[in-house]
Amino acid sequence: TTQTKPSMCDGCTCQIPGGEKAALELALNDLESTLSNHHETIAAMIVEPLVQGAGGMRFYHARYLQRAHALCQHYHVLLICDEIATGFGR
């Protein structure tokens with residue numbers, strides 16, 4: 001029997017074997033692969049460190065941001081961190 005992920009778990013790590021640590025490694029490996037294969041056509045990576053401010057504050061893991069910064073420097077891709085959505089309607 002297969003289990004479906006409840007909608008309240010969308011984006012969380014509860015369904016990934018190994019939990020948060022494994023999810024972090026998967027995300028970093030995915031980012032490194034993308035930059036390695038496509039850095040010549042990527043001008044910038046834009047992240048909003050406080051994700052979905054209106055849906056509850058969800059933070060990137062500090063290690064992800066540190067590694068993303070290092071990878072962007074290595075592949076000469078600009079890293080832009082902007083909190084534009086957290087200021088909407090204020």
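Just so we're clear, the structure is a prediction, and the values are computed from it rather than from any experiment.
Between Glu25 and Arg63 there is a salt bridge, since at least one side-chain N of the basic residue sits less than 4.0 Å from a carboxylate O of the acidic one.
To the nearest 0.5 Å, atom CZ of residue Arg67 and atom CD of residue Glu32 are 5.0 Å apart. From Cys72, atom SG reaches atom CD1 of Ile42 across 8.5 Å, with rounding to the nearest 0.5 Å.
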* side chain to side chain contact (heavy atoms under 4.5 Å, CB included) evaluation trace for Leu31 with Met45 -> CA-CA 10 Å; Leu31 176 60; Met45 174 180 169; 3.8 Å; yes
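His39 places a side-chain N or O within donor-acceptor distance of the main-chain N or O of Leu35, the cut-off being under 3.5 Å.
Taking Ser33 as the reference, Asn37 meet the side-chain hydrogen bond (donor to acceptor under 3.5 Å, both in side chains) condition, with sequence neighbours excluded. Among residues two or more places apart in sequence or in another chain, the side chain to side chain contact (heavy atoms under 4.5 Å, CB included) test is passed with Leu65 by Val47, Pro49, Tyr60.
Between Ile80 and Ala44, the closest heavy-atom pair is CD1-CB, 4.0 Å. For the residue pair Leu71 and Leu28, the shortest heavy atom distance occurs at CD1-O, 4.4 Å.
Atom NE2 of His61 sits in a crowded spot, with more than 12 heavy atoms from other residues, nucleotides or ligands closer than 6.0 Å.
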